[in-house]
Amino acid sequence: MRFRLEASPLDLGQTLGCGQTFRWSQLPDGRWGGVIGVRTIELKSDGDSLLVRAAPGGTDARDAVIEYLRLRDDMTTIQSALGSDRRLARGLTRVRGLRLVKMDEWESLISFVLATYANIPRISKMIAAIASEFGRGIADGVYSFPGPEELRDARPDELRACGLGYRAEYVRSIAREVDMAAIGRLKRLGYEDLREELKELDGVGDKVADCVSLFGFGRLEAFPIDVWIERALRRLYGLEGSYARLRRDATGLFGEYAGYAQEYLYLNERSLAADGSCMFS
DNA sequence: GCCCAGGAGTGTG
DNA sequence: CACACTCATGGG
């Protein structure tokens with residue numbers, strides 16, 4: 001089916017290509033193709049609206065896209081709140097269309113465990129590999145992200161064959177520890193309790209717990225700190241120290257929308273390294 | 001070939 | 001709580 005959504009501001013490239021989610025790619029004709037749940041989706045921006053082509057699936061495709069791209073977030077409120085920070089205010093217009101995504105909780109958990117100590121192309125490759133190995137075929141050459149029950153019986157050597165390396169043991173451990181009922185319980189926790197619970201899992205530390213809280217459970221106050229964010233905080237704010245300290249400082253600076261600030265800073269620091277272009281300085 | 005990546009686990013001071 | 005060390009591997 002095809003339909004149109006009001007979606008402004010929205011920059012699909014910044015949103016889907018900046019490493020918060022790993023199953024989207026830009027097609028030769030410029031559209032973005034990916035998977036939400038058990039259906040393939042194609043997206044194309046057209047002025048203030050978003051053109052969607054969605055394969056049949058269980059739930060309502062409109063709701064799925066609206067939730068995934070967080071199209072109900074009031075970007076005016078969020079950006080005006082973050083604009084009270086001088087550094088962010090300076091470049092906010094250039095990331096106006098960057099949205100956080102709201103991934104499936106389980107998928108985000110496994111994805112960011114795989115993301116440890118790997119670069120984005122490799123992460124995408126690992127995820128594509130476990131999907132084709134353990135997921136269900138949903139289109140030509142496209143597979144659903146395998147659920148806990150589909151990964152529970154995966155052998156370590158099968159997982160390693162997907163290029164996971166030492167992460168294979170983490171995935172195996174988590175798949176045996178977590179089921180959809182557990183995910184349901186985690187959904188009801190507040191952010192601080194959620195991240196502590198997530199950190200109990202094998203292969204989940206501070207950073208992964210914050211990524212999963214933000215991109216999977218939609219806790220907008222979460223502020224994941226990787227090497228890029230560390231650089232940004234030092235370069236722009238002169239902040240240094242442990243994860244715990246930086247996290248406290250960032251929460252103080254950015255408050256309830258720290259997750260959006262984090263993604264803006266991340267994109268900025270990456271593009272600064274890539275081609276010298278800079279939005280915040 | 002070299003460097004680095006959306007880090008975590010473990011052990012120690 | 002903060003730091004040092006180890007792990008392990010493919011992409012640019």
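Each chain gets a letter, A, B and so on, in the order its sequence line appears, and its residues count up from 1.
For Arg160(A), whose side chain is taken as the heavy atoms from C-beta onward, the closest listed nucleotide among dT9(C), dG7(B), dG9(B) is dT9(C).
Look at CD1 on Ile225(A): it is 16 Å from P on dA5(B), rounded to the nearest Å. Rounded to an integer number of Å, the gap from Leu164(A) CG to dA5(B) P is 21 Å. Whole-Å rounding puts the Tyr166(A) OH to dT10(B) C1' distance at 14 Å. In this structure, Asp206(A) atom CG and dT10(B) atom C1' are separated by 15 Å, rounded to whole Å. Here the P atom of nucleotide dG9(B) and the NZ atom of Lys199(A) are 9 Å apart, to the nearest Å. With rounding to whole Å, Arg245(A) atom CZ is found 10 Å from dC3(C) atom P. In this structure, CD of Glu169(A) is placed 16 Å from C1' of dT6(C), rounded to the nearest angstrom. For the pair Phe22(A) CZ and dG10(C) C1', the computed distance is 16 Å after rounding to whole Å.
The aromatic rings of Phe254(A) and Phe223(A) sit parallel, their planes meeting at an angle under 30°, below the 60° perpendicular limit.
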Side chain to side chain donor-acceptor pair (under 3.5 Å) between Tyr191(A) and Glu256(A): does it pass, once the steps are laid out?
CA-CA 11 Å; Tyr191(A) 163 57; Glu256(A) 61 180 321; over 6 Å; no

Show your working on side chain to side chain donor-acceptor pair (under 3.5 Å) between Arg23(A) and Ser111(A) and close with a plain yes or no.
CA-CA 10 Å; Arg23(A) 299 206 69 193; Ser111(A) 295; over 6 Å; no

Give the intermediate values and the outcome of side chain to side chain donor-acceptor pair (under 3.5 Å) for residues Asp73(A) and Tyr257(A).
CA-CA 11 Å; Asp73(A) 282 356; Tyr257(A) 302 124; over 6 Å; no

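From Ile120(A), atom CD1 reaches atom SG of Cys18(A) across 7.5 Å, with rounding to the nearest 0.5 Å.
Nucleic acid contact for Tyr243(A): none, since no nucleic acid atom lies under 4.0 Å from a heavy atom of the residue. Within the nucleic acid shown, Tyr266(A) comes within 4.0 Å of at least one base atom, counting heavy atoms only.
Here Phe112(A) and Phe215(A) bring their ring centres to under 6.0 angstrom of each other.
Positionally, the nearest nucleotide of DNA chain B for Lys207(A) lies more toward the 5' end than for the other of Tyr170(A) and Lys207(A). Two residues, Arg231(A) and Val208(A), neighbour DNA chain B, and the one matched to the more 5' nucleotide by heavy-atom proximity is Arg231(A).
OP1 and OP2 of dC1(C) both lie 4.0 Å or more from every side-chain N or O belonging to Ser242(A). Of the side-chain N and O atoms in Arg167(A), none sit less than 4.0 angstrom from OP1 or OP2 of dG10(C).
The shortest side-chain heavy-atom distance between Val212(A) and Val113(A) does not fall under the 4.5 Å cut-off.
Of all the residues in residues 97-125 of chain A, Tyr117(A), Asn119(A), Pro121(A), Arg122(A), Lys125(A) reach under 4.0 Å from DNA chain C with at least one non-hydrogen atom.
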